[in-house]
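See below for the structure under consideration.
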Amino acid sequence: MFTIGDFARYGRVSARMLRHYDAIGLLRPDRTDPATGYRHYGAAQLARLNRIIALKDLGFTLQQVRAVLDERLGPEELRGMLRLRRAELAEAVTAASERLARVEARLRSIESEGRMPADDVVIKTVPGVRVAELTGTAASYQPQDIGPVIGPLYEELFPLLEGAGVRPTGPGIARYEDAPEGGGAMVVHAGVTVSAPVGPVGGTGVRVVELPPFEAATIVHRGAMDDVMPTVQTLARWLDANGYRSVGYSREVSLECPPDRNLWVTELQEPVEPVSRA
């Protein structure tokens, strides 16, 4: 028999936790001294303790752990619980990875403050262009909300155009506008330059539209769009320093899109107007 201190040491848990397990009936000691109240555990109970710790590490509640260990769940129910927990853990890992990527992007933005060249910004008139596009809605203008919407739109767009016999004649052009419902939601337009007639493309859901010319401040971003924030902020600082203000959301013109997203080259075209000095 082991004292509670020895049993805790062998099980790599605290004596306080063992007292809690005893109190809720999850792991009772083999014997409790009626005179002193000292708890004593048998070696065979280490197996149950190991299972408790393993199930807790999987994220199960103590109530669920007790149900599993007391065999109140059938094999199929247990498999279902484990599959659900696996899916929850995978989702949490994905979310954590995305959050880490956003933090790293912000760190790069902070580290580049005051060091990124601003002479790459060019004011020019962007000519009108005809694009075929699919449209979706994102929860916000944040990269983590835009990416999951615009990626699938482009994956769907090109096969639909090919099936309809419409060939791209120029780069991809992504554009954004506030959603009618408000709340920060964005309408996302995933498009590509074409010479097809304006209007719907068959029953594909693709629509060809004519985008008018506009005055823009442009800057070239090199790398994945998840890392666009330093470039965006360089453009913002240039506008502030040179007497311009933004009058809309930037278009993103895909100049080079190799399989490696880190090698992408994208021109940001932000509609601007001079700031009145009156």
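Residues L58 and V13 fall within the same hydrophobic cluster, defined by Ile, Leu, Val, Met, Phe, Trp and Tyr side chains chained together at heavy-atom separations under 4.5 Å. If you chain together hydrophobic residues whose side chains sit under 4.5 Å apart, L268 and Y154 never meet in one group. Cluster annotation: V192 and V188 are assigned to the same hydrophobic cluster (Ile/Leu/Val/Met/Phe/Trp/Tyr, side-chain heavy-atom contacts under 4.5 Å, transitive). Under the 4.5 Å side-chain heavy-atom criterion for grouping Ile, Leu, Val, Met, Phe, Trp and Tyr, V126 is not connected to L235 through any hydrophobic cluster. I53 and L46 end up in the same hydrophobic cluster when Ile, Leu, Val, Met, Phe, Trp and Tyr side chains are linked at under 4.5 Å.
Minimum interatomic distance between L49 and G11 (heavy atoms only, all atoms of both residues): CD2-CA, 3.7 Å. Of all non-hydrogen atoms in L153 and G136, the two that sit nearest each other are CD1-N, 3.7 Å. Listed here is the closest heavy atom pair of A35 and D33: N-OD1, 2.8 Å. Minimum interatomic distance between L161 and A132 (heavy atoms only, all atoms of both residues): CD2-CB, 3.9 Å. For the residue pair V166 and A196, the shortest heavy atom distance occurs at CG1-CB, 4.0 Å. Residues A217 and L239 come closest through the heavy atom pair CB-CD2, 3.6 Å.
Of the charged side-chain nitrogens involved, none lies within less than 4.0 Å of a carboxylate oxygen, so that D120 and R222 do not count as a salt-bridged pair. A salt bridge does not link D240 to R237: none of the charged side-chain nitrogens sits closer than 4.0 Å to a carboxylate oxygen.
By the 4.5 Å side-chain criterion applied to Ile, Leu, Val, Met, Phe, Trp and Tyr, M1 is assigned to no cluster and stands alone. Residues near V187 contribute nothing to a hydrophobic cluster around it, because no ILVMFWY side-chain heavy atom sits closer than 4.5 Å to its side chain. Through chains of ILVMFWY side-chain contacts below 4.5 Å, V131 is grouped with V129, I173, V209, L211, V220, V253, L255, V265.
Sorted by first and then second residue, the ring-ring contact (aromatic ring centres under 6.0 Å, His included) pairs involving residues 194-237 (not counting sequence neighbours) form an empty list. The side chain to side chain donor-acceptor pair (under 3.5 Å) pairs that include a residue from residues 198-217 are T125-E215, R130-E210, where partners are two or more places apart or lie in different chains. Pairs engaging residues 51-60 under the salt bridge (charged side-chain N to carboxylate O under 4.0 Å, His left out) rule: none recorded [sequence neighbours left out]. Counting only residues at least two apart or on different chains, the salt bridge (charged side-chain N to carboxylate O under 4.0 Å, His left out) pairs with a member in residues 161-190 are E133-R175. Residue pairs meeting the ring-ring contact (aromatic ring centres under 6.0 Å, His included) criterion with at least one member in residues 177-209: none, sequence neighbours excluded. Within the structure, every pair that satisfies the ring-ring contact (aromatic ring centres under 6.0 Å, His included) test and touches residues 16-61, not counting sequence neighbours, is listed here: F7-Y41.
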Quiz prompt | Residues L157, V206; criterion side-chain contact (heavy atoms from CB on, under 4.5 Å); working and verdict | solution = CA-CA 7 Å; L157 175 64; V206 178; 3.9 Å; yes
Practice problem: Verify side-chain contact (heavy atoms from CB on, under 4.5 Å) between I219 and V232, making sure each step is shown before the conclusion. | Solution: CA-CA 9 Å; I219 188 171; V232 169; over 6 Å; no
Self-check item: Criterion side-chain contact (heavy atoms from CB on, under 4.5 Å) on V68 and L55, from CA distance to verdict
Solution: CA-CA 9 Å; V68 172; L55 291 169; 3.9 Å; yes
Practice problem: Evaluate side-chain contact (heavy atoms from CB on, under 4.5 Å) for I150 paired with Y176, printing each intermediate quantity in order. | Solution: CA-CA 10 Å; I150 198 166; Y176 310 92; 3.5 Å; yes
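Expressed to the nearest 0.5 Å, how far OH of Y10 lies from CG of N50 amounts to 14.0 Å. Atom CG of residue L263 and atom SG of residue C257 lie 11.0 Å apart, to the nearest 0.5 angstrom. Note that CD1 of I4 and CG of L18 are 5.0 Å apart. Values are rounded to the nearest 0.5 Å. From L27, atom CG reaches atom CD1 of I52 across 4.5 Å, with rounding to the nearest 0.5 Å.
A distance-only check finds a donor-acceptor pair linking the side chain of T193 to the backbone of P171 [under 3.5 Å]. Under a 3.5 Å cut-off, the side chain of D6 and the backbone N or O of F2 do not form any donor-acceptor pair. In this structure, T218 contributes its side chain and V122 its backbone to a donor-acceptor pair below 3.5 Å. Side chain of Q45 to main chain of G42: a donor-acceptor pair is present (N/O by atom type, distance under 3.5 Å, no hydrogens or angles).
Looking at R48 and L69, their side chains come closer than 4.5 Å, going by heavy atoms from C-beta outward. No side-chain heavy atom of R245 sits under 4.5 Å from any side-chain heavy atom of V272. Under the 4.5 Å side-chain criterion, counting only non-hydrogen atoms from C-beta, W264 is not in contact with S254.
If you check the side chains of E270 and Y249, you find no donor sitting under 3.5 Å from an acceptor.
Every residue two or more places apart in sequence or in another chain that forms a salt bridge (charged side-chain N to carboxylate O under 4.0 Å, His left out) with E267 is listed here: K124. Under the side chain to side chain contact (heavy atoms under 4.5 Å, CB included) criterion, S14 pairs with R16, M17, not counting sequence neighbours. With sequence neighbours excluded, the residues satisfying salt bridge (charged side-chain N to carboxylate O under 4.0 Å, His left out) with D22 are R28, R39.
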